[in-house]
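Structure, as structure tokens:
Here is the naming used below: chain letters follow the sequence lines, and residue numbers restart at 1 for every chain.
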Amino acid sequence: MEDNTKPSSYLDDPPNSRLFLVTSKSITEDTIRDHFSTFGEIQDIWVVKDKHTKESKGVAFVKFSKSSQACTAMEEMHGKCLVEGTKPIKVFIAQSRSSGSHRDVEDEELTRIFVMIPKTFTEEDMKETFKDYGDIEYCIIIKNKLTGESKGLGYVRFHKPSQAAMAIENCDKTFRAILAEPRTKTSTTENEYFGNSRSEHMANESGMSGYPFSADNNYTSGDMWNSDMITRCLMVSSRAAITQEQVYSLFDLIPGMDYCEMQRDQYGFSKGQAMIRYNNLGSAVYAKEKLNGFEYPPGNRLVVTYVDDGEDRTSPVGKMAMQLVAAQMMSMVWNGPTGPQLMKTSTGYTPVATSQKPRVQTDVNLPPVKKMAPSDSVVKERLFVIFNPSPLPVDVLEDVFCRFGSLVEVYLVPGRNVGYMKKSLTNVRGHTNIQCRTRDLNDMTCYMTGRT
DNA sequence: CGACGGGACGC
DNA sequence: CGACGGGACGC
């Protein structure tokens, strides 16, 4: 219901380009113009007067064409006397007309900008980039707290509002600089990925504190890499940068994972290795078999090895028995009479008879088919999917992705190997958390993208 | 490799 | 303490 067509709507455009002055009843529009026109193009001056008596209320609004002009005028003119003998004036950035608030806008809200930066940017790079616009108090890059990698977003705090405004107006548009929202307002723009719930989950289910390995153990010493060993614990190594969420998502495709943690050096940097533990041997064997040498992301070969978990692997006979069990299980998984679908039971995983014959066989444990959402549902989330070598048929994709609920539509970008799975509900999930490889070697790499 | 359009901080 | 007019509206 905002009437942006009204000529008055320009008063908030651009944001923070209008000043609120507390002067004296005797100060006129002309006096204000005399003092403020040096700071930039004044679009409007309005001295507030009583409707009936026409007497000035001692306040005024000054609209500049740019926020930086308004900010500079505020910084220069606040506390000055416009006329000999009158009280010093107060100057604030005016609240936007739509806000309805009359609270003073504080410098705190006007000196910090929020920018999108290349993931490779350091805080020094940011300083170097934004110092052209004024004195920088600090630069902060938002990083993934688990891996330390940049999220490509950052804050720059300047000393003066005019400097932040200059940065917003004049920096390269690719930074998409805007004023940062004050931090105390706990923003809820983005769901936190499942890293949080995972931590809780693991703390509950596997008792991380009691786990024999901790981050400061040295896994690379001793005979812990004995390749004969079969355990529930796996180590995955990656040359390319890979996040904990990615590792988690990948190994969580095999049911039964109860622990997954990136190994870090003493500075908290990822070492390109992660530890995974399953709650049963079969899952670990299966995971190693399926994911060792797996390209993730494509082109990056993962190496998966067993890690000594301190459990009994006493006699060679016992080891053979375990291998036999594992082999049997894998055989069931892959050659079971009803296909690759698995169902979790208290003792492990058994093939499940499904009435419908799946058109696509995956190496992941798919949930049962669910009804699609009505096709006119509002799309709340899209899953971006990359296919290799070529897209799967739409009906197959519907069969696969409806199982995760609220699927509205499968959309394949014409002529491209990419598509979107549109969903009417949002999952609390992160990025890049599915990669499934179908039996016919069609790869699908799925990335969560932003909400619509 | 890849489309599109983005967005948020450990008190 | 100190907060929201007047004017006229464009493919």
For [N], does either OP1 or OP2 sit under 4.0 Å from a side-chain N or O belonging to [X]?
X	N	value
A:Arg97	C:dA3	no
A:Lys63	C:dG5	no
A:Lys51	C:dG5	yes

Mind telling me if C:dC9 is syn or anti? Syn here is a glycosidic angle within 90° of 0. syn

Between [X] and [Y], do the side chains contain an N or O donor and an N or O acceptor separated by less than 3.5 Å?
X	Y	answer
A:Asp34	A:Thr31	no
A:Gln95	A:Asp104	no
A:Gln69	A:Ser65	yes

Under 4.0 Å, counting only non-hydrogen atoms across every strand here, what does [X] touch: a base, just sugar-phosphate, or nothing?
X	result
A:Lys57	sugar-phosphate
A:Arg112	base
A:Val413	nothing
A:Lys143	nothing
A:Val115	base
A:Ile141	nothing

Ignoring hydrogens and angles, does a donor from either the side chain of [X] or the base of [N] sit under 3.5 Å from an acceptor on the other?
X	N	answer
A:Lys151	B:dG7	no
A:Arg176	B:dG6	yes
A:Arg18	C:dC4	yes

Counting side-chain heavy atoms from CB outward, which of [options] is closest to [X]?
X	options	answer
A:Met116	B:dG6, C:dC4, B:dA8	B:dG6
A:Phe20	B:dC11, C:dA3, B:dA8	C:dA3
A:Ile178	C:dA3, B:dG7, B:dC9	B:dG7
A:Gln95	B:dG10, C:dC4, B:dC4	C:dC4
A:Lys90	B:dA8, C:dG2, B:dC4	C:dG2

Identify the two heavy atoms, one from A:Val47 and one from A:Ala60, that lie closest to each other, and give their separation to 0.1 Å. CA-CB, 4.0 Å

Which comes earlier along DNA chain C counting from the 5' end, the contact point of A:Phe92 or that of A:Ile45, where each point is its nearest nucleotide? A:Phe92

Tell me whether the ring of A:Phe61 lies stacked over the C:dC4 base, given a 5.5 Å limit on centroids and a 30° limit on the plane angle. yes

Value in whole Å for how far the P atom of B:dG7 lies from CZ of A:Phe121: 20 Å

Has A:Lys63 got its NZ or CZ under 6.0 Å from the middle of the six-membered ring of A:Tyr10, at an angle within 45 degrees of the ring axis? no

